[in-house]
Amino acid sequence: MVVKMDAQIANVKFDGLFINASGVHCQLNNDLDELQANTFVAGTVTKSATLASRPGNPRPRYVDLAHGSINSMGLPNQGFDYYLNYALTRPSKPVILSVAGLSVAENLKMLTQIQESSFDGLTELNLSCPNVIGKPQLAYDFQATEEILTAVFSFFKKPLGVKLPPYFDLVHFDQMAAILNKFPLSHVNSINSIGNGLWVDPVTESVVIKPKNGFGGVGGAYILPTALANVRAFRMRLNPAIKLIGTGGVTTGADVFAHLLCGADIIAVGTQLQVEGPLVFERLTNELAAIMDEKNYQDIAELRGKLKTL
Ligand code: SIN
């Protein structure tokens, strides 16, 4: 049986379900091109850009663990113009242009450039990078989040979403959703890595990454329950027009199926893309199709957001 997997965020149509998580396989044009050419990839997110290019944090800054990863990349990127230029000239599939300015002013400057350009895809404001030394994750400051969105939407008229960190308290879901619902957001991308985890190697009696004395964002299977909780909690609270990109913990088709039941519109893959390379998207597609086939689902729309409670 052929199953229908597609989605729409604002005016952007995705012929498929899968994108890369920002940060993985998307720093350079060649990486983005490779994803764009992959039949099982529906769109690509560019590495979160700062205005100027950055080398990122000292190495080692990414380590694979038994059930995921820890990273403190520190936003290594080629600079905003590089990604805007990519988005304007090269892709055939949808591009999500991710920006993560080092200050509010820097974010506003990049968004102004996007507004004034001919870019007609999705823009994503990353409010959740845990790895820039001295810069807290903005979306944990609810007042600052509302202030930056107020400033942005005073001039930005194109589809814009936000990338959020995980939340862990139901009151915080209520509070953040109430803020987000005040704005015409195209989407929420939930979640970024779980910030400031720590991994200890008992052999060397040491941390495993160098920046921040070993503290870094945790990704991969470790974070699946937290990602599902965030997608579900926001789907239950956000205006229906605000779509959800489910990011976090996907290693199998069953994980994708769970994200969709929780309400994800499309699915981003990070750690598992890093581990397995772009072939992961074909495997996940086939595994999801097999689950849907077995359950007699023909279209993602039949199950999206339909999680049952006991
Ligand atoms: C990084 O570059 O440190 C990761 C980006 C992010 O977590 O937003």
Side-chain angles (χ1 to χ4, degrees), residues 19-28 31-32 44-65 68-80 82-83 96-104 106-107 110-111 122-141 144-145 148 160-167 176 187-199 207-220 222-223 226-227 230 245-250 268-275:
I19 62 172
N20 61 301
S22 176
V24 184
H25 217 88
C26 62
Q27 192 177 330
L28 298 172
D31 292 333
L32 288 158
T44 49
V45 187
T46 54
K47 173 68 187 169
S48 293
T50 49
L51 202 50
S53 63
R54 281 170 60 83
N57 290 339
R59 295 167 197 264
R61 58 191 186 183
Y62 175 98
V63 169
D64 286 313
L65 305 174
S69 62
I70 185 166
N71 89 84
S72 183
M73 301 300 289
L75 294 176
N77 76 90
Q78 311 306 111
F80 173 70
Y82 180 92
Y83 300 106
I96 301 177
L97 198 46
S98 175
V99 297
L102 299 176
S103 65
V104 172
E106 192 173 311
N107 277 318
M110 290 188 282
L111 292 173
L122 300 171
T123 300
E124 188 169 285
L125 181 58
N126 180 350
L127 300 176
S128 51
C129 177
N131 303 326
V132 178
I133 293 155
K135 300 278 178 200
Q137 289 165 273
L138 195 127
Y140 282 136
D141 180 336
T145 299
I148 191 170
L160 178 93
V162 285
K163 176 95 177 259
L164 296 180
Y167 299 98
M176 182 48 75
H187 70 276
V188 163
N189 188 337
S190 180
I191 58 175
N192 208 320
S193 59
I194 300 184
N196 297 304
L198 191 71
W199 193 259
V207 300
V208 296
I209 54 173
K210 187 173 173 63
K212 294 176 72 177
N213 292 324
F215 287 76
V218 178
Y222 295 113
I223 76 167
T226 303
N230 276 259
I245 300 179
T247 306
V250 167
V269 184
T271 297
Q272 200 59 29
L273 170 58
Q274 176 71 30
V275 169

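This structure is a prediction, so every number in the text was calculated from the model and none was measured. For ligands, and for the atoms within them, numbers begin at 1 and follow the listed sequence. FYI, the numbering just counts along the sequence from 1.
Numbered from 1 in the order shown, with element, the atoms of ligand 1 that lie under 4.0 Å from a heavy atom of Pro76 read 2 (O). Taking every heavy atom of Met73 and a limit of under 4.0 angstrom, the matching atoms of ligand 1 come to 1 (C), 2 (O), 3 (O). Under a 4.0 Å criterion applied to the non-hydrogen atoms of Asn192, ligand 1 contributes the atoms 6 (C), 7 (O), 8 (O). Here is the list of ligand 1 atoms found below 4.0 Å of a heavy atom in Lys47: 1 (C), 2 (O), 4 (C), 5 (C).
Of the heavy atoms in Asn126, only side-chain atoms (C-beta onward) come closer than 4.0 Å to ligand 1. Contacts of Leu75 with ligand 1, taken as heavy-atom pairs under 4.0 Å, involve both backbone and side chain.
Looking at Tyr167, its side chain never comes within 3.5 Å of a backbone N or O of Tyr140 through a donor-acceptor pair. At distances below 3.5 Å, not a single donor-acceptor pair connects side-chain atoms of Lys163 with backbone N or O atoms of Asn192.
Pro130 counts as a contact of ligand 1, since one of its heavy atoms falls under 4.0 Å from the ligand. Within the 4.0 Å heavy-atom shell around ligand 1 one finds Gly74.
Using cut-offs of 30° and 60° for the angle between ring planes, the Trp199 and Tyr222 rings count as tilted.
For the pair Leu164/Val188, a side-chain contact is recorded, criterion being any heavy-atom separation below 4.5 Å from C-beta on. For the pair Pro130 and Pro165, the minimum side-chain heavy-atom distance is 4.5 Å or more. Counting heavy atoms from C-beta outward, Val24 and Met73 have side chains that stay 4.5 Å or more apart.
At least one N/O-N/O distance between Asn131 and ligand 1 falls below 3.5 Å.
Rounding to the nearest 0.5 angstrom, the gap separating the CD1 atom in Ile245 from the CD1 atom in Ile19 is 4.5 Å.
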